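One structure is given below, encoded as structure tokens.
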Amino acid sequence: MLERRRCHPLYIVEQLARTLLVFVVALFASVFSNLEGEDIRAIDLGSIWGYVIGGLVGLLAVTAFFIWLGWRNKYVSAQDNTLIYESGILVKKRMTIPFSKINTIDMGRNVFQRIFGTCRLKVDTGAIDGGAEQNTEMNLVFSLKDAEEFRNYILNRAAQDEQQLRSEGATAIDAGTEPRWALQARFSDFLMYGLTSSSVWKVLCTLLVAVCFLAEISTSILDSAFSAAAPFIESLWNFISGSGILMLILMVLGMFFVLTLVCNIASIVYAAIRFYGFRVAREGDNVVVRYGLISLKNYTVQAENVHAIKVKQNLFQQLIGRCSVEMVSIGYGNEENETNLLFPIIKKDRLAWLIETVLPEYSLEVESHKAEKRSIRFLVVRPVLWTALLLAGGIVGAYFLMESATLFVIACAVVMLIVIANSIMKYRSNAIGCDGKVVLARSGGMRVTSHLIRVDAVQSVTATSGIFQRPRKVATYRVDFHAPALRNIAVVPHMNDDLLDELEGYLLK
């Protein structure tokens with residue numbers, strides 16, 4: 001039994017900081033929303049700051065009082081096989097969570113929590129719609145000692161009956177030992193993950209958003225920047241227009257190479273900081289995942305609550321024989337910008353060993369059916385044909401509208417090659433099957449995703465045949481299963497329509 005206790009007072013500071021941040025943004029937005037140009041320059045900054053500080057002080061007093069009342073009335077305790085969470089000021093709320101219903105225990109620490117020796121403890125049962133902060137039943141800040149004590153007590157009590165503990169004379173809570181890590185990420189893993197996960201298009205979109213944001217803030221700043229860059233842009237354009245088409249292509253490729261290099265470096269640094277010290281282990285009936293340099297993450301997920309494994313490969317990862325592995329489990333990966341990784345990147349030939357070591361309930365040795373020749377019409381011929389027709393129409397229009405359509409034709413040729421390659425890869429990767437325990441659903445071209453779904457997590461299997469698919473006896477399969485967002489769907493298009501009976505036979509067993 002764990003006595004009734006409050007969370008750490010740092011919880012008050014965090015809640016107050018969030019409220020003040022929202023207030024400051026709203027305050028400045030209301031002040032500057034109707035002011036432009038000369039009005040902005042005419043503002044008395046002293047009076048603005050006085051207004052802001054006065055508003056903050058008033059808000060601080062009122063908000064701090066209510067947050068303190070809320071903190072004073074939040075209690076957590078544990079007895080037998082139950083976690084009890086009490087909260088509320090005027091309306092009292094008492095939540096009782098059986099240990100057997102807890103899917104995930106998350107112990108996370110950001111920079112400030114590491115300085116003050118605290119830890120954010122989150123308990124998730126999967127009842128997403130009825131959860132507390134950030135869609136979890138309990139999301140509170142405790143001292144690191146209290147958080148570890150709650151975690152270890154829950155894990156011990158979930159594995160051993162209270163009566164058995166008493167009969168064995170166990171009076172103290174087991175502090176827990178460091179798991180024997182199955183696999184730890186190295187710098188080479190971060191290097192490969194960063195190189196294969198960066199996206200130049202994200203950087204381009206970010207730059208575009210930044211330019212638009214600057215334009216909204218002040219057109220004078222943007223005009224000054226364009227005026228300063230105008231001579232350089234003009235000289236660059238004169239050089240490009242006077243050069244041959246080969247020089248133009250080389251310059252474009254060079255710019256793309258430089259941008260890609262910068263993106264890769266940024267991605268490597270980001271991966272090294274975010275997933276620093278990434279470790280995964282099997283600890284009894286639980287999967288333990290820990291990582292992070294600045295913000296530490298410590299997840300404990302019951303193996304029986306891992307509903308699926310997702311193996312992802314983009315084009316670069318396929319070329320070098322590596323893949324990223326994710327778990328699908330309620331409570332792990334349901335936060336914004338959170339990646340529910342089992343391992344960031346691993347060699348494809350070591351994937352079976354990783355799954356066998358950490359999650360032996362799953363297996364890659366699932367007998368599957370691949371796309372047959374009748375699927376080529378839908379997976380290869382149709383996409384290529386429609387793309388060719390659209391590009392041909394664009395080229396014809398370009399010759400009427402442009403003085404020279406050479407670059408447009410080259411771009412269309414590149415797009416055509418990409419579509420052909422992607423279509424062929426889709427045909428080769430499509431597969432679906434089941435061995436009675438796990439359903440395998442694999443699809444994709446330049447980005448392949450393989451779902452290994454536990455049979456008892458499958459909610460439904462649907463085969464859909466359109467008017468053009470039925471004559472060819474082809475169907476698109478949809479496997480609906482439990483996931484952090486309540487449900488997820490694995491889609492395998494244009495497979496033989498006689499596979500549904502086989503899948504249903506396994507599921508009914």
Side-chain angles (χ1 to χ4, degrees), residues 307-315 318 323 326 328 364-394 412 414-483 485-509:
H307 298 150
I309 294 177
K310 292 169 68 174
V311 181
K312 293 184 175 181
Q313 283 186 293
N314 58 31
L315 179 60
Q318 292 180 59
C323 59
E326 299 180 6
V328 178
L364 290 175
E365 304 299 324
V366 179
E367 184 178 352
S368 60
H369 302 273
K370 295 187 176 182
E372 297 186 0
K373 291 183 179 180
R374 70 180 78 172
S375 302
I376 294 178
R377 177 175 181 177
F378 300 94
L379 291 171
V380 180
V381 176
R382 286 196 173 186
V384 172
L385 181 60
W386 280 111
T387 304
L389 291 175
L390 291 174
L391 293 179
C412 290
V414 172
V415 171
M416 196 69 228
L417 290 176
I418 292 174
V419 171
I420 292 173
N422 188 59
S423 300
I424 294 174
M425 294 174 72
K426 279 185 176 181
Y427 170 71
R428 296 183 61 182
S429 65
N430 264 23
I432 190 168
C434 183
D435 63 357
K437 297 181 179 180
V438 176
V439 176
L440 168 66
R442 183 171 66 240
S443 62
M446 293 186 177
R447 185 178 293 272
V448 178
T449 301
S450 300
H451 289 83
L452 295 170
I453 309 166
R454 207 176 62 212
V455 167
D456 56 3
V458 175
Q459 294 177 296
S460 64
V461 177
T462 307
T464 305
S465 296
I467 57 175
F468 297 106
Q469 290 175 304
R470 284 196 295 271
R472 296 283 177 173
K473 297 183 178 180
V474 170
T476 295
Y477 290 86
R478 298 163 60 91
V479 183
D480 192 329
F481 60 97
H482 297 284
L486 293 183
R487 56 180 295 188
N488 202 345
I489 299 176
V491 179
V492 185
H494 309 304
M495 301 291 290
N496 291 1
D497 61 0
D498 57 358
L499 301 178
L500 183 61
D501 293 337
E502 178 181 335
L503 293 174
E504 287 177 344
Y506 282 117
L507 295 177
L508 290 175
K509 289 180 182 179

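Values reported hereafter were calculated over all heavy atoms of this structure, with side chains retained and with hydrogens, waters and symmetry mates removed. If you're wondering where the values come from, they're calculated on a predicted model, not measured in any experiment.
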Side-chain heavy-atom pair [X], [Y] within 4.5 angstrom cut-off:
X	Y	answer
Q459	F481	no
D480	V458	no
D497	R470	no
I420	T387	no
V328	I309	no
V474	F378	yes
L391	V415	yes

For V455, what residues pass the side chain to side chain contact (heavy atoms under 4.5 Å, CB included) criterion, not counting sequence neighbours?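 For V455 the side chain to side chain contact (heavy atoms under 4.5 Å, CB included) partners, ignoring immediate neighbours, are C434, V439, L507.
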
Applying side chain to side chain contact (heavy atoms under 4.5 Å, CB included), name anything that partners S368, two or more places apart in sequence or on another chain.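 Per chain and number, S368 pairs via side chain to side chain contact (heavy atoms under 4.5 Å, CB included) with A431, L440.
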
Please check this pair: side chain of [X] against backbone of [Y], looking for a donor-acceptor N/O pair closer than 3.5 Å.
X	Y	result
Y477	H494	no
Q318	G445	yes
E504	D501	no

Sorted by first residue and then second, give each side chain to side chain donor-acceptor pair (under 3.5 Å) pair with at least one member in residues 440-458; sequence neighbours left out.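 Residue pairs with at least one partner in residues 440-458: R454-D456.
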
Going by side chain to side chain donor-acceptor pair (under 3.5 Å), name the pairs with one or both residues in residues 415-438, residues two or more places apart or in two chains.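 Residue pairs passing side chain to side chain donor-acceptor pair (under 3.5 Å), neighbours aside: none found.
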
In chain order, what residues pass the salt bridge (charged side-chain N to carboxylate O under 4.0 Å, His left out) check against K370, with sequence neighbours excluded?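 K370: no salt bridge (charged side-chain N to carboxylate O under 4.0 Å, His left out) contacts found.
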
Over all atoms of both residues, closest heavy-atom pair of S375 and M495: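 Heavy-atom minimum between the residues: OG-CA, 4.3 Å.
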
Separation between [atom1] of [X] and [atom2] of [Y], rounded to the nearest 0.5 Å:
X	Y	atom1	atom2	answer
I432	L500	CD1	CG	9.0 Å
H369	L499	NE2	CG	5.5 Å
L390	M416	CG	CE	10.0 Å

Does the pair V492 and T476 meet the rule for a side chain to side chain contact (heavy atoms under 4.5 Å, CB included), with working shown? CA-CA 6 Å; V492 185; T476 295; over 6 Å; no

Go through L452 and K310 one step at a time and tell me if the side chain to side chain contact (heavy atoms under 4.5 Å, CB included) criterion holds. CA-CA 6 Å; L452 295 170; K310 292 169 68 174; over 6 Å; no

Hey, could you give me each pair passing salt bridge (charged side-chain N to carboxylate O under 4.0 Å, His left out) that has a residue in residues 372-383? Not counting sequence neighbours.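 Qualifying pairs: E372-R374.
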
